[in-house]
2 protein chains.
Amino acid sequence: MARIKPGKNASKRDVITQKAAALFKNKGFSSASMRELAEAVGVEAPSLYNHIGSKSELLQGICFKVANAFTSYLDSAENTPAANAARIEQIIRFHIRMMLDHFDEVYVANHEWKHLKEPYLSNFLIQRRGYEKRLITLLVNGIAAKEFKQTNPYVAVLTILSAVRGLEFWQQHKKNISSQVLEDDMVNHLLKGITK
Amino acid sequence: MARIKPGKNASKRDVITQKAAALFKNKGFSSASMRELAEAVGVEAPSLYNHIGSKSELLQGICFKVANAFTSYLDSAENTPAANAARIEQIIRFHIRMMLDHFDEVYVANHEWKHLKEPYLSNFLIQRRGYEKRLITLLVNGIAAKEFKQTNPYVAVLTILSAVRGLEFWQQHKKNISSQVLEDDMVNHLLKGITK
DNA sequence: TTACAAACCTAATGCTTATTAGTTTTTGTA
DNA sequence: TACAAAAACTAATAAGCATTAGGTTTGTAA
């Protein structure tokens, strides 16, 4: 039988993870079977276990890769000398680009984390909660510095994160809007609103 | 064994559907088993089939009840004499209240529709798409009437719908913000933005 | 050419699933 | 009090699941 060709920068494990992300996105973690994943990879199901430990392990890999990417970016944004408003804008743009460039994985991290097993589930939620809190702090600082209107920072962060997440719908039935227009329009809406 | 007490306005089928919504929300449709549902209802699994046709049928019931509620409200909003901006605001508020008052069912309709079977899956997506298009039309009209800034109406609707959907996070770890403050802040943010 | 390891295969295990069949219990009514 | 219908139960079915065991093929390097 034909072997899989792992490219120079993608081990077979990476290929499997990538196919798993697409599959988990399309069918949901629970409904996706190892048989289907194997078929997508071009192999029989038991052969997958030469490269991975378990189905759960795949989900963990995907979820934490995404979570770590966001956390790392926030680290760097916090350490950049800039106004809070500029930082928030950078972060929104990073979220949008992540949604567009790593759609499958981000989608899975957003939708399927529920199926993580302990202690990964708890760790994921703690990391997520910490991320939100740091964003809220940025907003609180921005309000204190009069860069933002007086508003509830929790609601504002919620609104921003959720709006960006919603790009999954755009991705699903791709419109003929360029990524750049989309990014700019959404940033604009979220930062300035739409009412004249 | 003890019978279930269906209240005057809730047939046993309704009780099952309600428990199913909570279960599907917590574990996902695929991971939720009829055994678990039966336990939540207080009955053995096969007994459920005296009241419902199948597991799929439960999901269909939930998804279309929610979809129809939104469609109906939009019907009435379109037929009310009001500015487009006022209509949009009303619709946003309706979405927020639906999220807060019928959380389980809205959550399931938002997250688990993927597991609908044909032809229900197609019908659901068509209905959803139609709803979005009508919202976009409202926005286009509002822009033409100079009630809104010149912006991409598709992106604006996407942003609004997604932001409102994000209330599921608020619901999950309930904050000490009153529903009214939340509703007003979010409407404000979405309609006017946060930047000074 | 031979040897070794990595990666594949088939077959099997044991568990869980939704649902059906057939029977018994409960309930409401005459 | 008896009867019929509704709703519960137990037992069984058939399919699907992730994963393991054990043996075979393939690629690489001595």
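Because the structure is predicted, anything quoted here is derived from the model rather than measured. For the numbers below, each heavy atom of this structure counts, side chains included, while hydrogens, waters and symmetry mates do not. Quick note on labels: first sequence line is chain A, next is B, and so on, each numbered from 1.
Judged by distance alone with a 3.5 Å cut-off, no donor-acceptor contact links the side chain of A:Asn50 to the base of C:dA6.
With a 6.0 Å cutoff to the six-membered ring centre and a 45° limit on the axis angle, A:Lys55 counts as a cation-pi contact of A:Phe29.
Distances were taken from every side-chain heavy atom of A:Lys55 (C-beta onward) to each of C:dT19, D:dA18, D:dC9; the shortest belongs to D:dA18. When each of C:dC9, C:dA21, D:dA18 is scored by its nearest atom to the side-chain atoms of B:Pro46, the top-ranked nucleotide is C:dA21.
Protein atom CD of B:Glu44 is 16 Å distant from nucleotide atom C1' of C:dT20, rounded to whole Å. B:Ile52 has its CD1 atom 14 Å from the C1' atom of D:dA7, to the nearest Å. Distance, B:Lys12 NZ to C:dG28 C1': 14 Å, rounded to whole Å. Spacing between atom CG of B:Leu48 and atom P of C:dA21 amounts to 17 Å, rounded to whole angstrom units. Rounded to whole Å, the distance from CD on B:Glu57 to P on C:dT19 is 10 Å. Spacing between atom NZ of A:Lys27 and atom C1' of D:dG16 amounts to 12 Å, rounded to whole angstrom units. One can place CZ of B:Arg13 at 16 Å from P of D:dA6, the figure rounded to the nearest angstrom. In this structure, the OH atom of A:Tyr49 is 20 Å from the P atom of C:dA6, given to the nearest Å.
Among the atoms of the strands shown, none is found under 4.0 Å from any heavy atom of B:Ala38. Heavy atoms of A:Ser33 sit under 4.0 angstrom from primed sugar atoms or phosphate atoms, though from no base atom.
Mapping B:Ala45 and A:Ser56 onto DNA chain D via the closest heavy atom, the residue that lands nearer the 5' end is B:Ala45.
Counting only N and O atoms by type, the side chains of A:Ser30 and B:Ser30 include no donor and acceptor under 3.5 Å apart. Counted by atom type alone, A:Asn68 and A:Gln127 present one or more donor-acceptor pairs between their side chains at under 3.5 Å.
Neither OP1 nor OP2 of C:dA6 sits under 4.0 Å from any side-chain N or O of A:His51. The side chain of A:Ser47 contributes an N or O atom lying less than 4.0 Å from OP1 or OP2 of C:dC9.
In summary, the aromatic rings of B:Phe94 and B:Phe70 are positioned with their centroids under 6.0 Å apart.
Ring-plane geometry between A:Phe124 and A:Phe64 is classed as perpendicular, the angle between the planes exceeding 60 degrees on a 0 to 90 degree scale with a lower cut at 30.
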